[in-house]
Amino acid sequence: MLDLLIHNATLPDGRSHMSVAVQGGRITEVTQGLTPEAAQAAEVVDAGGMLLSSPFVDAHFHMDATLSLGLPRLNQSGTLLEGIALWGELKPHLTFDALVNRALAYCDWAVANGLLAIRSHVDTSDPSMLAVEALLAVKKKVAPYIDLQLVAFPQDGVLRSKGGVDNLKKALSLGVDVVGGIPHFERTMADGAASVKLLCELAAEQGKLVDMHCDESDDPLSRHVETLAFETNRLGLHGRVTGSHLTSMHSMDNYYVSKLLPLMAEAQLSVVSNPLINITLQGRHDTYPKRRGMTRVPEIMAAGMAVAFGQDCCMDPWYSMGSGDMLEVASMGLHVAQMTSQPAMQQCFDAVTTNPARILHLEGYGLEKGCQADLVLLQAQNPIEAIRLKATRLKVWRRGALVAQTPARTVTLTLPGRPATTSFLHIK
Ligand code: FE2
């Protein structure tokens with residue numbers, strides 16, 4: 001007897017009339033032939049031909065800052081640097097309970113949106129480890145429904161701030177999973193490069209993954225990603241290192257990039273681009289034309305690297321918008337990168353599902369026999385329509401158990417001279 005049978009589903013790879021069988025929290029079968037008549041299941045769900053996907057994964061977020069919008073004041077210039085200064089003003093007022101409550105509220109939004117795995121950076125600059133302790137408590141609390149991976153993030157610069165290295169090491173010893181960094185925020189290019197070397201060595205020593213905020217600027221000479229790739233190769237950290245943002249690549253000289261991309265590919269770097277944030281925070285020193293500031297996503301994908309689109313911020317010192325909806329993130333990425341061919345739009349869906357799952361090294365992620373039964377049923381017929389409509393998450397399952405459901409979106413039209421109709425506005 002199965003715990004759950006979902007039938008008549010369309011999968012992201014285009015296979016239709018598919019059935020997914022679940023038992024003991026794992027997928028036991030993905031097949032076309034399994035009907036409710038043929039299989040005994042405690043619960044049967046007819047997907048009605050809609051898209052059944054593995055859950056959304058956010059490879060880049062700041063859960064210690066989320067939902068703090070307006071505290072202690074709003075970001076007037078809307079710039080990255082004022083955001084960092086504002087976060088510094090807020091830090092002395094943070095409390096453990098407030099941090100936990102805001103993070104848990106965001107996690108509720110995430111589950112409702114079918115977002116069941118998040119990599120969050122946590123600021124390690126404060127020697128009290130308040131934010132670290134709070135997010136470690138959140139990680140434990142949400143574990144039944146969200147995989148929360150934490151990155152030790154020295155927001156004030158690991159070399160620039162007093163005690164930066166010790167604080168970061170302390171966070172790792174408390175159980176933070178990944179080594180972070182922010183080389184472009186160190187005082188000099190040399191210090192930035194030194195921070196990358198030091199942090200990669202630390203990760204190699206401790207067997208940790210690496211994910212650095214890297215070159216989050218419009219300065220084409222901000223080239224710390226080169227050092228990140230070099231150190232990855234030198235230390236044998238292939239496939240374990242992520243460069244987040246890489247916005248300076250947008251402004252780099254094409255010849256230099258033609259030399260950089262093979263080095264990054266050799267290191268098997270992963271890349272996280274954050275389209276909502278990059279399009280709003282970058283290019284702020286430009287008049288017109290204004291640069292978009294997002295990294296070269298299609299070119300990095302074409303070079304064989306895993307690229308994810310991250311949310312980064314939601315209602316915090318850097319960004320007043322956001323809702324934990326990874327389809328909104330994918331939509332912005334698609335537009336900014338001009339990824340409008342059919343395969344490229346499909347890749348944008350992968351950039352918020354399978355690619356970040358790979359970057360996080362998530363165990364048992366996927367729509368195959370033996371994978372965790374973490375699933376999202378969307379009110380869309382395929383991944384491209386899901387992005388276009390920011391499709392309703394009809395049902396969300398975690399380990400085979402229903403954790404969220406939203407009624408299907410319909411509209412009732414009462415137009416003059418026509419009978420009233422209730423339907424969902426999509427093309428059959
Ligand atoms: Fe970030």
Side-chain angles (χ1 to χ4, degrees), residues 57-69 75 78-88 90-91 102-103 106 110 115 118-125 131-132 135 148-158 168 171 176-186 192 195-196 199 209-218 222 224-225 228 241-250 270-282 284 293-295 297 307-322 324 326 329 332-333 336 351-352 356 359-360:
V57 180
D58 183 2
H60 190 112
F61 195 61
H62 295 263
M63 207 173 275
D64 48 359
T66 197
L67 308 190
S68 66
L69 181 68
N75 184 334
T79 60
L80 171 64
L81 291 179
E82 186 177 340
I84 294 174
L86 185 48
W87 174 237
L90 174 57
K91 275 197 272 191
R102 286 197 287 261
Y106 182 81
L115 168 55
I118 301 173
R119 173 181 277 183
S120 174
H121 296 255
V122 53
D123 188 357
T124 58
S125 304
V132 171
L135 287 200
L148 177 59
Q149 193 177 78
L150 297 178
V151 185
F153 174 49
Q155 172 75 78
D156 298 337
V158 74
L168 188 135
V176 171
D177 311 278
V178 182
V179 176
I182 185 164
H184 57 277
F185 194 66
E186 304 292 352
S195 78
V196 172
L199 291 164
L209 300 176
V210 176
D211 187 342
M212 288 191 200
H213 283 67
C214 195
D215 303 322
E216 190 182 1
S217 87
D218 298 311
S222 185
H224 296 297
V225 62
L228 189 64
V241 176
T242 301
S244 277
H245 290 294
L246 307 186
T247 53
S248 74
M249 282 185 75
H250 185 96
S270 299
V271 171
V272 183
S273 171
N274 299 297
L276 295 167
I277 306 310
N278 300 154
I279 197 70
T280 48
L281 290 185
Q282 300 307 313
R284 287 282 174 148
M294 196 167 88
T295 197
V297 173
V307 182
F309 288 137
Q311 167 89 55
D312 199 3
C313 302
C314 178
M315 300 184 73
D316 67 11
W318 295 273
Y319 189 57
S320 305
M321 301 276 114
M326 297 309 292
V329 174
M332 182 58 78
V336 178
V352 292
I359 292 170
L360 267 65

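As the structure lists them, so they are numbered: ligands from 1, and atoms in each ligand from 1.
- Judged purely by distance below 3.5 Å, without hydrogens or angles, the side chains of Ser222 and Asp215 pair a donor atom with an acceptor atom.
- Using a distance-only test at 3.5 Å, with no hydrogens or angles considered, no donor-acceptor pair links the side chain of Thr124 to the main chain of Ala171.
- Sorted by chain and number, the protein atoms of type N, O or S within less than 2.8 Å of the Fe ion (ligand 1) are His60 NE2, His62 NE2, His213 NE2, Asp312 OD1.
- When each of Asp316, Asp123, Asp312 is tested with His62 by the rule side-chain hydrogen bond (donor to acceptor under 3.5 Å, both in side chains), just one qualifies, namely Asp312.
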Discussion item. Quick one, Glu216 with Asn274, criterion side-chain contact (heavy atoms from CB on, under 4.5 Å). Give me CA distance, side-chain angles, the key distance, then yes/no.
Written reply: CA-CA 10 Å; Glu216 190 182 1; Asn274 299 297; over 6 Å; no
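- Donor-acceptor pairing under 3.5 Å is recorded for the side chains of His60 and Ser244.
- Shown are Leu69, Ile277, Leu281; of these, the side chain to side chain contact (heavy atoms under 4.5 Å, CB included) with Tyr319 is made only by Ile277.
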